[in-house]
Structure formats: structure tokens, C-alpha cells
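Here is the naming used below: chain letters follow the sequence lines, and residue numbers restart at 1 for every chain.
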Amino acid sequence: GAGVSQSPSNKVTEKGKDVELRCDPISGHTALYWYRQSLGQGLEFLIYFQGNSAPDKSGLPSDRFSAERTGGSVSTLTIQRTQQEDSAVYLCASSPRTPREQFFGPGTRLTVL
Amino acid sequence: RKEVEQDPGPFNVPEGATVAFNCTYSNSASQSFFWYRQDCRKEPKLLMSVYSSGNEDGRFTAQLNRASQYISLLIRDSKLSDSATYLCVVPQDAAGGTSYGKLTFGQGTILTVHP
């Protein structure tokens, strides 16, 4: 069956621009997670959704980061006024329920020039 | 103690060797644990889940020691294809089994298996 998909796969943007990253979870998975991974680093938790609700937003690095999920399915992660330190791979994962095995998408590689 | 801490590695072993990784965690309420593997420039993929004292799957054995709050992963008869980064993952459960949904990933241990 279809796995988690993310788009775009690569995004190059200029400092100060806004970007929107999209995640399509596996159908029926109620939990959805966003992480980011900088080069050579571990995964940094950003936010997770249970349905359309985000019980834990503690990982968002700053108020420039926001995320939403609609219809219990697609999620978007928005970064406003991007900075160079935002450059990383942004990974999305979904799970049938929390906190169980997660299935990751291929990630979006964001480069801020 | 960090939320999740792993052997820093890297581990370089010959084919056929047995190698073990350790992971310690700070949240004594965590109930289930996971090992993921991540290949270079790829997304993490689930390797094993650990819900009780341990789990075995072919050449891979995961063990859990709740008293000492550590999890281990043992790989026997290493293959070249086992070369990857191994991530220890701990859910941040609360006492009483309440799940907050947040998972904390360790920094990962790099394994390189050479001929």
C-alpha cells in the first residue's frame, strides 16, 4: 500500500521567504509527527497530531514555525521568514495510534540561502 | 541523565562479528521502546519493537532492563548490509500509562561492517 509521502522532496529558498511543507500520512493513521534532522545530527521532534489536534507543540523552535492538520489526514508545516539555520531535512511520520511504530516519509530537504 | 542516550560509536566490525549497542533513558514511566535503522540520506525505518523484557528477530535481539533503564540491541553474524545508523527511540509516557505521544530519538550509533 501507499506509504507516507512528502512534498516537495527538495526546496531551495532565500532567507526571509516563507515555505510550506506537506505531508500525506498513511490512510487511517490517526497520529502524525514532524521532525527535522540537520546534517549529521539526530532527529529533533517538532510537533505531533492526534487527529487534527496538536497536544504537544513544545518542539517547535520558534513562533516562525506552525503546523496544521485538516480532516485527520494531510498536514502542512509552515516556516515563516526562513533563516539559514532552518536548513535541514524535515521528516514526517504517521502511526496507527500513539505512541507506536512510526512510518516515515522520505523527507523534504530544505536549503535556505 | 539525558532523555535518551546512546553509545556514540562509530562501530567498525568485520563481517560475521557480533556487535551490541546500548541505550539509556531517563523516563521510568516509558513502557515500550523501539530500535530504528537509518541508512545514509534515507528516512528511519523500524527495526524492532520492545514491549517486555526482550524481543528476538533472526540475527537481531533487543533486550530491556527496566530497573537500570537501558535497552540493548545485539546483532549476530553481521552483514555488510547491516551498515547503518541505529536509533534508539523512547516514548515519553507518564506514570499510569498515559501516553503523550511524543517520542524521543537518540542521536544514533553508526555501524560499519567491512569485508
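The environment of Q69(B) atom CD is dense: over 12 non-hydrogen atoms of other residues, nucleotides or ligands sit within 6.0 angstrom. No more than 12 heavy atoms of other residues, nucleotides or ligands sit less than 6.0 Å from atom CD of E14(A). Other residues, nucleotides and ligands place more than 12 heavy atoms under 6.0 Å from the CZ atom of F60(B). Within a 6.0 Å radius of CG in L80(B), more than 12 heavy atoms belonging to other residues, nucleotides or ligands are found.
The distance from the OH atom of Y36(B) to the CZ atom of F104(A) is 5.5 Å, given to the nearest 0.5 Å. Rounded to the nearest 0.5 Å, atoms NZ (K45(B)) and CZ (F103(A)) are 11.5 Å apart. Here CD of Q102(A) is found 9.5 Å from CG of L46(B). Values are rounded to the nearest 0.5 Å. To the nearest 0.5 Å, the span separating CG on L43(A) from CD on Q107(B) amounts to 9.0 Å. For the atom pair Y33(A) OH and L103(B) CG, the distance stands at 5.0 Å (nearest 0.5 Å).
Under the 4.5 Å side-chain heavy-atom criterion for Ile, Leu, Val, Met, Phe, Trp and Tyr, Y70(B) and L64(B) are members of distinct hydrophobic clusters. Linking ILVMFWY side-chain heavy atoms closer than 4.5 Å, directly or via other members, places L21(A) and V112(A) in a single hydrophobic cluster. Y86(B) and V89(B) fall into different hydrophobic clusters, defined by Ile, Leu, Val, Met, Phe, Trp and Tyr side-chain heavy atoms under 4.5 Å apart, directly or through other members.
What you find for G105(A) and E43(B) is that their closest heavy atoms are O-CB, 3.1 Å.
Heavy-atom distances place the side chain of L87(B), and not its backbone, under 4.5 Å from chain A. In this structure, no portion of E44(A) lies under 4.5 Å from any heavy atom of chain B.
Looking only at heavy-atom pairs under 4.5 Å with chain A, the residue among G108(B), P44(B), S49(B), G106(B) that has the most is P44(B).
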